[in-house]
Amino acid sequence: MTRRRHATVLRLMDRYGQTHAEEAGIKLRDTPAPLYQLLVLCVLFSVRIKADIAVAAARELFGAGMRTPRAMADASWQDRVDALGRAHYRRYDESTATALGTGAERVLDRYRGDLRRLRDEADGNPDRIRELLREFPRIGPVGADIFCREAQGVWPELCPSFDDRAREAASELGLPTTPHGLARLVDAENLPRLAAALVRAELSKNAVHDLVETG
């Protein structure tokens, strides 16, 4: 890696390298509860709503005790609506409350509460993992990409996960534009942070320009 490219990566990670899971207070591990919490976060991101509101909604749901599929399923629909409302998750609160309840039941019924069984059913194939994720209510390509981007730190089968938006930012920053090329820029444990940083930079007005100019 050239010195200039290395400096760009360091600035990028320093300014934008917080993952959505970290922001939502999820201590992501390869265990049932945090994996389910990541799924909830992806459901919340799967509508046209500001990222900070989606993160706040996740925090409200988790703070109200809805941190596992059983707890989410056992909570009333109104409890879920109220938690979303406290985060100002407007317009989509009622439909999302329904999607979260139905999704929790699916995790319990099909995967016995453990999303690692989803990975096993997919035989670790990233494309198949995405397909199975999209069977959950509200999860589409964007939500599946977010899950894989964030989970690649605990599910090595997903490495490297860099979606189109991340690769577009990489191109503008003069970084490699293939997933494997990007993966060579950081240690494996930092892949989720690099992917998140690229997406945040792409979404942040003037961020890419500022990073290039600073270099």
Start with the C-alpha distance between L44 and L61, add both sets of side-chain angles, then the distance that settles side chain to side chain contact (heavy atoms under 4.5 Å, CB included), and finish with yes or no. CA-CA 11 Å; L44 297 170; L61 289 163; 4.1 Å; yes
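- Note on E121 versus R110: salt bridge recorded, some NZ/NE/NH1/NH2 to OD/OE distance being below 4.0 Å.
- Judged purely by atom type and a 3.5 angstrom limit, E105 has no side-chain atom pairing as donor or acceptor with the backbone of T102.
- Using a 4.0 Å cut-off between charged side-chain N and carboxylate O, E131 and R128 make a salt bridge.
- For R70, the side-chain contact (heavy atoms from CB on, under 4.5 Å) partners two or more places apart in sequence, or in a different chain, are T68, A73, D74, L108.
- Annotation: side chain of V142 is not in contact with side chain of D163 (no heavy-atom distance under 4.5 Å).
- Salt-bridge check for R116 with D114: passed, with a basic side-chain N closer than 4.0 Å to an acidic carboxylate O.
- Under the rule for a side-chain contact (heavy atoms from CB on, under 4.5 Å), the partners of K50 that lie at least two apart in sequence or sit in another chain are D52, I53.
- In this structure, Q18 CD and E23 CD are separated by 5.0 Å, a value rounded to the nearest 0.5 Å.
- In this structure, the side chains of L118 and L35 stay at 4.5 Å or more apart for every pair of heavy atoms.
- Put simply, the side chain of V47 reaches to within 4.5 Å of the side chain of Y89, judged on heavy atoms.
- Between the side chains of R138 and S95, at least one donor N or O sits under 3.5 Å from an acceptor N or O.
- With hydrogens and angles ignored, the 3.5 Å screen pairs a side-chain donor or acceptor of Q152 with a backbone N or O of S161.
- Put simply, CG on L175 and CG on L198 are 6.5 Å apart, with the number rounded to the nearest 0.5 Å.
- Atom CD1 of I146 is separated from atom CG of L38 by 9.0 Å, given to the nearest 0.5 angstrom.
- In this structure the side chain of R165 reaches within 4.5 angstrom of the side chain of L203, judged on heavy atoms.
- The closest side-chain donor-acceptor pair between T96 and D93, if any, does not fall under 3.5 angstrom.
- F162 places none of its side-chain heavy atoms less than 4.5 Å from the side chain of R149.
- For the atom pair OH (Y36) and CD1 (I26), the distance works out to 11.0 Å, reported to the nearest 0.5 Å.
- Summarising the local packing, CZ of R91 is surrounded by 12 or fewer heavy atoms from other residues, nucleotides or ligands at distances under 6.0 Å.
- Salt-bridge check for D164 with R167: passed, with a basic side-chain N closer than 4.0 Å to an acidic carboxylate O.
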